[in-house]
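Just so we're clear, the structure is a prediction, and the values are computed from it rather than from any experiment.
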Amino acid sequence: MEKAYFDYAATTPTHPEVVTAMLPYFEEKFGNPSSIHGFGRETKAAIQDARLKVADLLGADQAEIVFTGSGTESDNFALEGVAFSREKEGRHIISTPIEHHAILETLKFLEKRGFKVTYLPVDQYGMVNPEDIKKYVNDETILVSVMHANNEIGTIEPLAEISKVIRELNINRENRIYLHTDAVQTVGQIPVNVNELGVDLLSLSAHKFYGPKGVGALYIRKGTKLVSFMHGGEQERGRRASTENVPGIVGLGKACEIAKKELPVWTTELTRLRDKLKNGLFAKISDIELNGHPTLRLPKNLDVSIQYVEGESMLLSLDMEGIAVSTGSACSSGSLEPSHVMLAIGKTHEQAHGSIRFSLGRLTTEKEIDYVLEVFPPIVERLRKMSPLYKGVK
Amino acid sequence: MEKAYFDYAATTPTHPEVVTAMLPYFEEKFGNPSSIHGFGRETKAAIQDARLKVADLLGADQAEIVFTGSGTESDNFALEGVAFSREKEGRHIISTPIEHHAILETLKFLEKRGFKVTYLPVDQYGMVNPEDIKKYVNDETILVSVMHANNEIGTIEPLAEISKVIRELNINRENRIYLHTDAVQTVGQIPVNVNELGVDLLSLSAHKFYGPKGVGALYIRKGTKLVSFMHGGEQERGRRASTENVPGIVGLGKACEIAKKELPVWTTELTRLRDKLKNGLFAKISDIELNGHPTLRLPKNLDVSIQYVEGESMLLSLDMEGIAVSTGSACSSGSLEPSHVMLAIGKTHEQAHGSIRFSLGRLTTEKEIDYVLEVFPPIVERLRKMSPLYKGVK
Amino acid sequence: MPQYSEKVMEHFRNPHNVGEIENPDGVGHVGNPVCGDIMEMYIKVKDNVIVDAKFKTFGCGAAIATSSMMTDLVKGKTIEEALQISNRAVVEALDGLPAIKLHCSVLAEDALKGAINDYLKKTTGKGLPNWKPHED
Amino acid sequence: MPQYSEKVMEHFRNPHNVGEIENPDGVGHVGNPVCGDIMEMYIKVKDNVIVDAKFKTFGCGAAIATSSMMTDLVKGKTIEEALQISNRAVVEALDGLPAIKLHCSVLAEDALKGAINDYLKKTTGKGLPNWKPHED
Ligand SMILES: Cc1ncc(COP(=O)(O)O)c(C=O)c1O
Ligand SMILES: Cc1ncc(COP(=O)(O)O)c(C=O)c1O
């Protein structure tokens, strides 16, 4: 069976050069970086080298990079770290309804512990209006967290404008508002520069851009107050305890180095392939619509809603043909609610249930696009024939 | 230069079979276990297989195992998870002064957030007296956390007796006291059975027993109330969010499988080699004393205090000969305080500063022991000649 | 996120009895787009025996497979026998369903009961006593 | 946990001037076992010039290296010149020290001052004005 992976937004295959870079750190160079002896000094140096590479990709200083265990940990760390260190200055946080669960669930946890959260409105593309922040901010506001790009619909948020608004607000405030962004879907995929974005905190995860699973980082701008999330030893200058995941960190460093070099090529190539896929699907399938912003979106992302058919049944049918995609339908989430993102941008339950996300990556080929264009329209046709909703349409 | 690694308690080289087991999960079987499609089902199954292996080593049910990012995370998760889910029942926790920083620092964090912590006394070997729990317990007590074996001095705590005391106390209580143990130094190294120990929660870390760094697990007995530590997606049945570190988890599973098989051999062999090292050192070096319990200790652990010389200078001198050890001296810790464990068991600052830990592992050879016995005594002699404390002794 | 049995996948791949029956003797219609599953079940009855059954379903793999299995199970059964077919029987016939998908089997039971209710109303003027679909 | 310079390691591996001076003209004794570092510095003075210096140290790599470097630096210096040697000069001569090890260089400065103080007391009856070792 042919295989075509269109779920790069869920995770990516580790780059072969990343694996090669990691390998020596399992059996050979295995020392604990906290150890003073040679075995430890060797891995400490490796971590430092990786830190420079991450900092380089983000335009940050190496001392501003803290390694974590994942994107989720970086998100938890950023939000709880700011909340618990600044609760005396205020207990109000502003975010959006389309954040990843790693943000939303952490905010819920903080709400239970006495914090107030305001969710900014988003338009039909999931776009935040930076000016809205002025409306929702209050004396208690200590943090704004807005994702850089949405994992589901691909919309890229106006972070630079948001940070401009916050900088202006901060001029007249004693308790500075911090800006955090969940950049898990953008780092290593589109250019991300912490100074251009003007953020104080930024989360990233290696496995979304050809690094290994189980390692991430948090960018923490110098001077940002933040309590630790993981308490224990003095690793990461006391900011993140636990024996460092040396192979993982080395892998993340390598992934950043590769991304820095390849990014321009990936971006153009993915945009081209994605648009071909989009045009092909829109030509061959009726009653299909794009989710997310038409132009300000991730090059890799194509999210569509297909009327009269449910997402999981499309996903499974594609899977039977070796094609891997994702859906915002309830049926795939483990809960009975469809994607909170789709509902937040004003889609109907039906549209949410009928959503399918194709996400492309560096190994995506023209042939795979052609294969989807050949296989997917008949699947939709077959499922529509089975659908009671399609009757009136025929 | 000859190399001899005697710091297995800090970390271990990943077992070659573990690396082999992990390798397919980087480039080939890379799917996100939360994905419904074939790429995801494949890795979901791999995680489940690993879960069975971890459960098997611990005598637990597979549903009681939650994968985490490290021993530190498991410790943070256990303590904060119980504290935040049961704070209405009580805000008192009992622990010991010789816990790892992952426990002690988390307890400090909880103390800042309104919890009270009592530290049980320990004797000169670092041993807790289970009966003491009855003295320190109160109506507010919700959790007792006592490590299974100490990472520095190797003493094994009487967990089964502690859990017996707690079970008796629980008969007459509405708010059941949970028992957590940090078993990072014992799992995969000596037999650990959650039912024989009678614990509700148990932390482990893969890299301490030939698994990879950056992955651990928390055993959570069925029915134990615990809020999540990492908030986000529905992974691990909603108990630990974040895309699973598939290669790491597979590696942890493999390490458990190997340990289950090899444990008896390791234990006897390490005890033999450790005792040879001990007898050799005690024969060749004067004014040397054992730290920790003489018999109830980890087979791999030999911790000694050597009078008139400071730990870091011994460590560095050994390092120059390719021998890797650890010390409880302040000078190696990044702080100015020597090991809290040494002070808690009543050692003087001088003894603490002069402590050296040899920890052995499955690759330790007779030849390495002989090498240490040849090299170390002259180092001590040389440093003592330099020491103003040694003068009176000569 | 479900791990389906081979049997479920078989029925999902090649569902039996898809479609509508012209001039059916009973039609059941349950579910709604909010919950993500909609089923329509059609039956043809002769001498109190269900001689044909067909369905149309908008929904996930489990929804389609349970519809398919339910229509298989009722064919040839008397009305009374058909009413004995519980959602659990459908689940068993499919070699199980993931916990979060059990509601699909309930929907299939409801769709069948709805069709029988419709048939009884048309033929006897009275539907099933106290029948209404489960709340979702 | 320190990353030492090559120069520090050189002095740690082969420390200069280890030992005691018999009938020294001045002895400085600083530190204590609680803080983990103890230094003794011995000087021999001739015509106001430090003609020999030796040390004994209980302490970490940095403590030994700074002692060694300090004794090197003072030899041949007049008392006044020697008093100008700050802990920073020692650190620089060692190509730097990790931040958490800087206190060792302070200790070395103190040990030297202690020895000079002792010498001055013995010879002039008055020690260094206002001198006492840094608090640790
Ligand atoms: C936008 C976003 N944030 C956070 C995460 C969580 O990252 P991880 O799975 O590495 O914990 C993801 C992906 O899962 C994501 O897409
Ligand atoms: C007893 C003990 N607990 C916890 C830890 C922390 O484990 P990890 O480094 O995997 O976070 C360690 C080792 O570092 C340990 O020895």
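We find the CD-NE2 distance between B/Q235 and A/H101 to be 9.5 Å, quoted to the nearest 0.5 Å. For the atom pair OG1 (A/T72) and CZ (B/R240), the distance works out to 7.5 Å, reported to the nearest 0.5 Å. Residue B/S35 holds its OG atom at 8.5 Å from CG of A/L315, rounded to the nearest 0.5 Å. The NZ atom of B/K208 sits 4.5 Å away from the OG1 atom of A/T243 when rounded to the nearest 0.5 Å.
Highest contact tally toward chain B, considering only A/Y210, A/F77, A/Y25, A/F84, is held by A/F84 [criterion: heavy-atom pairs under 4.5 Å]. If you tally non-hydrogen atom pairs under 4.5 Å between each of A/P212, A/G233, A/P16 and chain B, the highest count goes to A/P16. Contact tally against chain A (heavy-atom pairs below 4.5 Å) for B/G40, B/S242, B/A241: the top residue is B/S242. Most heavy-atom pairs under 4.5 Å with chain A: of the set B/L79, B/I323, B/D7, this distinction falls to B/D7. Across A/I103, A/N245, A/L318, the residue that shares the most heavy-atom pairs under 4.5 angstrom with chain B is A/N245. Taking A/G69, A/S70, A/A324 one by one and counting their heavy-atom pairs under 4.5 Å with chain B, the maximum is reached by A/A324. Contact tally against chain B (heavy-atom pairs below 4.5 Å) for A/H15, A/E105, A/E73: the top residue is A/E105. Ranking A/G38, A/G214, A/P13, A/A10 against chain B, the residue ahead of the rest is A/P13, based on heavy-atom pairs under 4.5 Å.
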Step-by-step side-chain contact (heavy atoms from CB on, under 4.5 Å) determination, A/K108 to B/H231
CA-CA 9 Å; A/K108 275 192 208 157; B/H231 313 285; over 6 Å; no
Show your reasoning for whether side-chain contact (heavy atoms from CB on, under 4.5 Å) applies to A/L23 and B/V19.
CA-CA 9 Å; A/L23 265 178; B/V19 179; 3.9 Å; yes
Are B/V325 and A/H37 close enough, and set up right, to give a side-chain contact (heavy atoms from CB on, under 4.5 Å), and what steps lead you there?
CA-CA 7 Å; B/V325 300; A/H37 49 65; 5.9 Å; no
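In this structure, the portion of A/F109 lying under 4.5 Å from any heavy atom of chain B is its side chain and not its backbone. Using a 4.5 Å cut-off between heavy atoms, A/K3 touches chain B through its side chain atoms alone. At a 4.5 Å heavy-atom cutoff, the contact between A/T106 and chain B is made by backbone and side-chain atoms alike. Residue A/M22 touches chain B through its side chain alone, counting heavy-atom pairs closer than 4.5 Å. Using a 4.5 Å cut-off between heavy atoms, A/L316 touches chain B through its side chain atoms alone. Looking at A/T12, only its backbone comes within 4.5 Å of chain B, counting heavy atoms on both sides.
Within the 4.5 Å cutoff, side-chain heavy atoms of B/R41 are placed close to those of A/D319.
When every heavy atom of A/F229 is checked against every heavy atom of B/E80, the shortest pair comes out as O-OE2, 4.4 Å. For the residue pair A/K213 and B/G31, the shortest heavy atom distance occurs at CE-O, 3.8 Å.
Pairs engaging residues 29-40 of chain B under the salt bridge (charged side-chain N to carboxylate O under 4.0 Å, His left out) rule: none recorded [sequence neighbours left out].
With hydrogens and angles ignored, the 3.5 Å screen pairs no side-chain donor or acceptor of B/N76 with any backbone N or O of A/M230. Formation of a donor-acceptor pair under 3.5 Å by the A/N32 side chain with backbone atoms of B/T11 is not found in this model.
Ring orientation note: the planes of B/Y5 and A/F30 are nearly perpendicular, at an angle over 60° on the 30°/60° scale.
Taking 4.0 Å as the cut-off between side-chain N and carboxylate O, B/E87 and A/R113 count as a salt-bridged pair.
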